[in-house]
Amino acid sequence: MASAPVHKLGIRPYGDETVKIDTSKMPAEEKKAFDYIDAHIDEHVENLQKWIQQPSISNSGEGMQESPEMVKGFFDKLGCQKTQINDVGITKWGQPGNPVVYAECNEGAPKTLLVYWMYDTMPVTQPELWVAPPFEARLVDGKTAGIDPGFKKVLIGRGAVNSKGPEMTQWNAFQAIKAANGKLPVNLIVIAEGDEERMSMGLNKFVTTHPDLLKRADAMLMFGGQNGARAASIMGASEGLMYIELTTSGTAWGRGPTVSDIHGIFKRSTDSPAWRHILMLGSLIGKDGNTPTIPGFMDNIKPIDPATDKRLHEAAGKVDLKKMADNVGVARFISDDPYTVLKMSSFGTAFNLDGIWGGNMYAGGSGAILPNKITSKHSIRYVPDMNSGDILKKIRARLDSQGYKDVQLRLIGDQPWSSMDFDTDVAHSVEQMFDKFGIPWTPPLSKTTTMDAEDTNMGGAWPGYLFTNGKQGDPGTTPIGLPIAGGSAGYGGRAHAANEFWVIEGSGKVYGMAGAEKSIVDELYNFANNNTTPAKHGLK
């Protein structure tokens with residue numbers, strides 16, 4: 001084993017953790033990798049810092065040429081025999097996709113894992129609210145970051161939890177195994193997309209064009225993390241998520257400015273497309289701001305089965321809604337009933353207004369403008385057995401019936417819902433890790449949600465429909481048909497928000513980055529040794 005580097009950051013591998021890993025039945029190879037991680041944790045944190053410091057914002061294009069090269073370099077360094085950056089061209093929805101990185105690491109093992117990554121992140125919308133510059137990757141204490149003060153070191157940065165922190169945790173674990181033992185216990189196929197925040201449009205093109213490259217895998221391992229000190233969950237399924245844009249213009253309406261924005265003085269005698277847009281939006285949502293008024297919008301929702309509903313009620317009795325709201329960063333939830341909030345969070349739908357623009361967009365000051373065009377962007381989260389095509393038709397019908405036939409409705413992208421069968425080798429590998437690491441966990445609430453009832457992060461949408469071994473909500477796409485599971489030690493939060501973080505030194509029952517890396521090591525060895533389903537006998 002290589003000698004340990006001189007410590008620069010002084011990271012404590014075990015932080016202030018009280019939870020312990022049961023290594024009594026682990027093979028010697030695992031323990032050697034664990035020792036390597038402890039000795040090189042400073043270097044591993046620096047790896048994450050360097051990645052955070054490279055912006056990769058798919059919505060603006062910043063860093064989207066450099067970032068796939070960086071990801072390719074990671075897997076070149078790991079010793080993968082094949083690494084390539086694939087230009088996907090124009091995608092299903094008409095926009096150019098960002099490159100997809102593909103790699104193969106043939107270790108001569110019987111079993112092969114497909115590893116899914118996303119290298120893109122969300123933009124930084126409120127830089128003044130960050131305690132450290134979002135691309136500095138500064139280490140701060142939890143109190144400074146407004147997080148749990150028990151965490152002595154957290155890394156602040158865009159992409160820290162979504163998803164560079166969990167992914168670099170994986171890569172560090174792979175590298176540690178190879179450095180300590182010479183090879184991994186499984187082969188790897190890696191696919192890394194740069195469009196996850198743009199509905200995975202490039203990934204859709206790559207997977208549907210090259211399915212045979214991925215079907216050689218036996219299963220997929222997703223990145224993940226703990227839910228703080230709460231029970232962990234196993235990920236793999238996905239809710240549905242579609243994005244639309246609505247545009248009102250004087251040109252299409254035949255009233256108001258028709259060529260460009262004009263001076264605001266003319267509002268005294270001229271109709272406003274902007275006010276028309278606001279009134280149009282009001283025809284789509286109830287006065288509570290939560291309930292769509294689109295006829296038939298809630299049709300086709302699959303009822304929750306009695307067993308799942310019982311578990312929701314049981315989980316509701318353990319929830320502190322105030323603490324849950326504080327963790328998310330909201331004043332309160334729509335409901336004050338814990339059961340209702342959990343049900344909404346795991347099985348509810350949403351019609352959101354993500355942004356609106358047009359006219360004078362400068363903060364402060366003045367500037368008299370009568371806009372000729374207003375556009376709003378909306379994310380719609382949908383569940384089994386809803387269908388995005390049906391939802392789109394119903395929105396169009398509602399607009400037309402309310403006198404807004406001139407309003408343009410554009411589908412930006414769609415990720416259908418997908419289900420997952422969790423009685424698989426890869427899911428059991430995650431469960432076994434949770435048990436050895438002393439992490440409480442609960443089985444998925446159902447086959448059609450990735451969200452644990454006590455998960456205050458309320459995530460759920462990812463392009464699982466392209467890979468699932470279960471059902472999926474896009475009859476026009478044939479999935480790869482892989483068992484999928486995600487879950488690990490480690491913790492982060494505030495995805496898409498200011499002060500996004502990944503915990504570096506753990507505390508109490510929450511592991512830091514070293515423990516998170518060890519959980520990945522254990523999952524790989526668990527998967528290599530589980531034999532519920534026949535392997536495809538390695539990469540060829």
Counting distance only, does the side-chain N/O of Arg158 pair as donor-acceptor with the main-chain N or O of Pro123 below 3.5 Å?
yes

Quick one: does Asn499's side chain have a donor or acceptor within less than 3.5 Å of a partner on Ala145's backbone?
no

Should Lys153 and Val45 count as side-chain neighbours, where that means a heavy-atom distance under 4.5 Å?
no

Regarding Glu193 and Ser200, do their side chains bring together a donor and an acceptor under 3.5 Å, going by distance alone?
yes

Would you mind checking if Glu505 and Lys152 are paired as a salt bridge, meaning a charged N to carboxylate O distance below 4.0 Å?
no

Test item: Pro416 and Tyr382 side chains (from C-beta on) under 4.5 Å apart, heavy atoms:
yes

Under the criterion side chain to side chain contact (heavy atoms under 4.5 Å, CB included), I'd like the reasoning laid out for Ser58 against Met64: C-alpha separation, chi angles, the key distance, then a yes or no.
CA-CA 7 Å; Ser58 53; Met64 297 308 290; 4.1 Å; yes

Counting N and O atoms only, with roles assigned by atom type, does the side chain of Asn187 sit under 3.5 Å from a partner on the main chain of Ala109, one being a donor and the other an acceptor?
yes

Just wondering, more than 12 heavy atoms not from Glu314 lying within 6.0 Å of its CD?
yes

So does Leu184 get a backbone contact from the side chain of Glu107, meaning a donor-acceptor N/O pair under 3.5 Å?
yes

Where Trp171 and Lys77 come nearest, the two heavy atoms and their spacing
CH2-CD, 4.0 Å

Just checking, any donor-acceptor pair under 3.5 angstrom between side chains of Asp120 and Asn98?
no

Sole residue of Met222, Lys215, Met220 in side-chain contact (heavy atoms from CB on, under 4.5 Å) with Phe467:
Met220

Using 30° and 60° as the class limits, which term best fits the ring planes of Phe34 and Phe437: parallel, tilted or perpendicular?
perpendicular

Atom CD of Glu69 and atom OG1 of Thr83: how far apart are they, to the nearest 0.5 Å?
9.5 Å

Donor-acceptor contact present, side-chain Lys205 to main-chain Ile90, <3.5 Å
yes

Looking only at side-chain N and O atoms, does Ser507 offer a donor or acceptor that is under 3.5 Å from a partner on Asp16?
no

What's the verdict on side chain to side chain contact (heavy atoms under 4.5 Å, CB included) for Gln175 and Leu78, showing C-alpha distance, side-chain angles and the deciding distance?
CA-CA 6 Å; Gln175 187 269 343; Leu78 189 63; 4.2 Å; yes

Heavy-atom distance under 4.5 Å between the side chains of Leu155 and Met513, does that happen here?
no

Lys178 NZ: over 12 foreign heavy atoms closer than 6.0 Å
yes

Separation of Leu114 CG from Ile189 CD1 (nearest 0.5 Å):
6.0 Å

Here the pair of heavy atoms bringing Tyr119 nearest to Pro99 is OH-O, 2.6 Å

Less than 4.5 Å apart, side chain to side chain, heavy atoms only: is that true for Val190 and Phe74?
no

Could you grab the distance from atom CD1 of Ile520 to atom CG of Asn172, nearest 0.5 Å is fine?
10.5 Å

Would a distance-only check, ignoring hydrogens and angles, find a side-chain to backbone donor-acceptor pair under 3.5 Å from Thr468 to Gly464?
no

So, do Met118 and Asn162 sit near enough that their side-chain heavy atoms are less than 4.5 Å apart?
yes

Say you draw a straight line from CG of Asn469 to CG of Asp421; how long is it, rounded to the nearest 0.5 Å?
5.5 Å

For the residue pair Asp522 / Asn526, report whether a side-chain donor-acceptor contact shorter than 3.5 Å exists.
yes

Distance-only, no hydrogens or angles: does the Gln226 side chain make a donor-acceptor pair with backbone N or O of Gly490 under 3.5 Å?
yes

Can you tell me if Gln84 and Asn86 form a side-chain donor-acceptor pair at under 3.5 Å?
yes

Counting only heavy atoms not in Lys436 (residues, nucleotides, ligands), do more than 12 fall under 6.0 Å from its NZ?
yes

Nearest 0.5 Å please: distance from the OG atom of Ser418 over to the NZ atom of Lys471.
13.0 Å

Check: Ser488 side chain, Gly224 main-chain N or O, donor-acceptor pair, under 3.5 Å:
yes

Distance in Å, Leu139 CG paired with Thr144 OG1, rounded so as to fall on 0.5 Å steps
11.5 Å

Do the side chains of Lys518 and Asp38 get close enough for a salt bridge, i.e. N-O under 4.0 angstrom?
yes

Least distance between heavy atoms, Tyr465 atom then Pro479 atom
O-CB, 3.3 Å

Using a 4.5 Å cut-off on heavy atoms from C-beta on, say whether the side chain of His44 contacts that of Ile11.
no

Please report the shortest heavy-atom distance between Ser238 and Ala461, naming the atom on each side.
OG-CA, 3.6 Å

Answer yes or no: are there more than 12 heavy-atom neighbours, outside Lys82 itself, under 6.0 Å from its atom NZ?
yes

Please give me the minimum heavy-atom distance between Pro211 and Thr208, naming the atom from each residue.
CD-O, 3.7 Å

Is the NZ atom of Lys31 crowded by more than 12 outside heavy atoms at less than 6.0 Å?
yes

Looking at Glu500 and Arg494, what are the two nearest heavy atoms and their distance?
CB-O, 3.5 Å

Apply side chain to side chain contact (heavy atoms under 4.5 Å, CB included) to residues Met168 and Trp502 and explain how you reach the verdict.
CA-CA 11 Å; Met168 183 52 68; Trp502 186 244; over 6 Å; no

Please verify the inter-ring angle class for Phe223 with Tyr116; under 30° counts as parallel, over 60° as perpendicular, anything in between as tilted.
parallel

Is any side-chain heavy atom of Trp117 less than 4.5 Å from a side-chain heavy atom of Gln170?
yes

Carboxylate-amine/guanidinium proximity below 4.0 Å for Arg381 and Glu239
yes

Please work out which of the three classes, parallel, tilted or perpendicular, describes the rings of Phe206 and Tyr102, given edges at 30° and 60°.
tilted

Less than 4.5 Å apart, side chain to side chain, heavy atoms only: is that true for Tyr511 and Ile21?
yes

